[in-house]
Amino acid sequence: TSFQQTSSIIARSDLIGVLPSAIAEGGERLGELKQLQRGLRSDYAPIKLIRGKDVEQPPAVQRFVDIVQAVVRERA
């Protein structure tokens, strides 16, 4: 699926992505991905922010995470 392709690309790069929880958790179990934040409260389908396992994150990635977390807080 496109989600699995995205997961594979993220695992091999310094990208981050938003994937369905099951795919994010599966990638983490395989040691290919690492979830950035757990337990985000929301009123929509569960999602996870993920990144390559041992990849140093550039400042733009942290800014993206900050924005996503701010939106989640506003909706909680």
Side-chain angles (χ1 to χ4, degrees):
T1 70
S2 63
F3 287 127
Q4 291 165 326
Q5 291 172 338
T6 300
S7 178
S8 177
I9 291 167
I10 292 167
R12 296 187 320 260
S13 70
D14 64 351
L15 299 174
I16 64 172
V18 177
L19 295 172
S21 295
I23 292 176
E25 291 164 357
E28 189 168 47
R29 275 193 305 276
L30 293 173
E32 297 172 350
L33 301 172
K34 179 170 177 56
Q35 296 181 44
L36 297 178
Q37 173 86 18
R38 295 179 191 259
L40 297 176
R41 290 181 33 210
S42 66
D43 58 351
Y44 47 87
I47 61 168
K48 303 289 183 181
L49 292 174
I50 61 172
R51 66 171 174 83
K53 185 174 180 186
D54 292 318
V55 178
E56 185 175 337
Q57 299 302 306
V61 171
Q62 186 57 51
R63 179 71 182 127
F64 174 77
V65 170
D66 294 343
I67 290 168
V68 171
Q69 289 175 339
V71 169
V72 169
R73 282 191 297 273
E74 287 175 13
R75 298 193 72 194

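Throughout, numbering of the chain's residues begins at 1 and tracks the sequence. Being a predicted model, the structure only gives us computed values, none of them experimental.
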Point to revise | Summary of salt bridge (Lys or Arg N to Asp or Glu O under 4.0 Å) pairs that have at least one residue in residues 16-26, sequence neighbours excluded | key: Glu25-Lys48
Check your understanding: For Ser13, what residues pass the side chain to side chain donor-acceptor pair (under 3.5 Å) criterion, not counting sequence neighbours?
Key ->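 In terms of side chain to side chain donor-acceptor pair (under 3.5 Å), with neighbours along the sequence ignored, Ser13 is linked to no residue.
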Review point. Among all residues two or more places apart in sequence or in another chain, which pass the side chain to side chain donor-acceptor pair (under 3.5 Å) test with Glu32?
Key: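 Partners of Glu32 by the side chain to side chain donor-acceptor pair (under 3.5 Å) criterion come out as none, since no residue qualifies.
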Exercise for review: Give the cluster check for Leu30 versus Leu33: same hydrophobic cluster or not, with ILVMFWY residues linked at side-chain heavy-atom distances below 4.5 Å.
Suggested key: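 Different hydrophobic clusters.
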Review point. How far apart are the closest heavy atoms of Phe3 and Ile23, and which atoms are they?
Key: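 Heavy-atom minimum between the residues: CB-CD1, 3.2 Å.
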Check your understanding: Side chains of Arg12 and Ser8: closer than 4.5 Å at any heavy-atom pair?
Key ->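 Yes; the side chains approach each other to less than 4.5 Å.
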**Study point:** Distance (rounded to the nearest 0.5 Å) between Ser7 OG and Glu28 CD
**Key:**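 That separation rounds to 11.0 Å.
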Review point. Say you draw a straight line from CD1 of Ile10 to CD of Gln5; how long is it, rounded to the nearest 0.5 Å?
Key: 12.0 Å
